[in-house]
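Written below as structure tokens is the structure these notes are about.
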Amino acid sequence: MATCIDSFILLLVAGIIIGFVVLMLNLNGDMNTGYANEPMSTGKSVFVALFPFLLLLLELVFPWLYYSMFEHSKYHATPGKMVLGIVAVDQQYRPLSFGRASGRYWAQLLNGFTLNIGFMVAGWTTHKQALHDLVAGTYVVNKHALERLHQQQREYEQQLQEYNNQMAAQKNIL
């Protein structure tokens, strides 16, 4: 479901950008069809030359930055994950670095090579990790459960520090 929400957002933004570019070219008259033998205007020539790069940017770079930056952000999740209350973390349940989030994104290509069986792997692994999570060393976990885990870790560390202080005080007495 999170992927559906994120895909919708990505398609919406890409559609708006392409629509804006085409609208601007139409307002400038650069997209007028004219006669078949008429040479292209400079604006139309530039558009024809740069449009593949715009598509490459919208299809590769923008989704990569979208997923990687959101998963590396303070939210640790894309908007789709936020709606579902899940976050992406590393194997020590820490926030993802930008590099690990990027690796997780690009590892999703492996799922395509396996006819999306890589996504189904999550049903068979102990920690419910898809193939890209196994490759990147990441988990997708419930945000509230993660907060409880961090609270338990803080309490444990505090108890351990108190115990170490008591042991040090007893050692000084002896």
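Values in this document were obtained by computation on a predicted structure and should not be read as measured data.
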Between Pro95 and His76 the two heavy atoms that sit nearest each other are CB-CE1, 3.1 Å
Grouping ILVMFWY residues whenever side-chain heavy atoms fall under 4.5 Å, the cluster of Val141 otherwise contains Val87, Val89, Tyr93, Tyr139, Leu146, Leu149
(request) Start with the C-alpha distance between Phe70 and Met82, add both sets of side-chain angles, then the distance that settles side chain to side chain contact (heavy atoms under 4.5 Å, CB included), and finish with yes or no. (result) CA-CA 10 Å; Phe70 268 115; Met82 287 183 226; 4.0 Å; yes
* Asked: Less than 4.5 Å apart, any side-chain heavy atom of Gln152 and any of Tyr156?
  -> no
Residue set satisfying side-chain hydrogen bond (donor to acceptor under 3.5 Å, both in side chains) with Gln161, at least two apart, ordered chain then number -> Asn165
Compare all side-chain heavy atoms of Lys81 with those of Glu71 and state whether any distance is below 4.5 angstrom. yes
CG of Leu23 to CD1 of Ile16, rounded to nearest 0.5 Å, is 12.5 Å
Value for OG1 (Thr138) from OH (Tyr105), rounded to nearest 0.5 Å, stands at 15.0 Å
Quiz prompt | Aromatic plane relationship, Phe98 with His72 - under 30° parallel, 30 to 60° tilted, over 60° perpendicular | solution = perpendicular
Side-chain donor-acceptor pairs under 3.5 Å in residues 4-14, sequence neighbours left out?
{"from": "Asp6", "atom 1": "OD1", "to": "Tyr66", "atom 2": "OH", "distance (Å)": "2.8"}
{"from": "Asp6", "atom 1": "OD1", "to": "Thr78", "atom 2": "OG1", "distance (Å)": "3.3"}
{"from": "Asp6", "atom 1": "OD1", "to": "Gly80", "atom 2": "N", "distance (Å)": "2.8"}
{"from": "Asp6", "atom 1": "OD2", "to": "Thr78", "atom 2": "OG1", "distance (Å)": "2.5"}
{"from": "Ser7", "atom 1": "OG", "to": "Thr3", "atom 2": "O", "distance (Å)": "2.8"}

Rounded to the nearest 0.5 angstrom, the CG-CG distance for Leu131 and Asn116 is 10.5 Å
Residue set satisfying salt bridge (Lys or Arg N to Asp or Glu O under 4.0 Å) with Arg94, at least two apart, ordered chain then number -> Asp90
What pairs of donor and acceptor atoms, side-chain ones from residues 117-127 against any protein atom, are under 3.5 angstrom apart with sequence neighbours left out?
{"from": "Thr125", "atom 1": "OG1", "to": "Lys128", "atom 2": "N", "distance (Å)": "3.3"}
{"from": "Thr125", "atom 1": "OG1", "to": "Gln129", "atom 2": "N", "distance (Å)": "2.8"}
{"from": "Thr125", "atom 1": "OG1", "to": "Gln129", "atom 2": "O", "distance (Å)": "3.2"}

Q. Can you get from Val135 to Leu96 by hopping between Ile, Leu, Val, Met, Phe, Trp and Tyr side chains that sit under 4.5 Å apart?
A. no
Query raised in the report: Going by atom types only, do Glu147 and His150 share a side-chain donor-acceptor pair under 3.5 Å?
Result: no
Counting only heavy atoms not in Met167, do more than 12 fall under 6.0 Å of its CE?
yes
Distance col, row Leu109:CG vs His132:NE2, nearest 0.5 angstrom, shows 11.0 Å
*asked:* Hydrophobic clusters here meaning ILVMFWY residues chained together by side-chain heavy-atom distances under 4.5 Å, can you tell me if Leu84 and Tyr75 are in one?
replied: yes
CD (Gln159) and CG (Asn164) are apart, to the nearest 0.5 Å, by 12.0 Å
side-chain hydrogen bond (donor to acceptor under 3.5 Å, both in side chains) filter on Gln151, not counting sequence neighbours, yields Arg154, Glu155
>> Test your reading of the model: is there a side-chain donor-acceptor pair from Ser68 to the backbone of Leu65, 3.5 Å cut-off?
In response: no
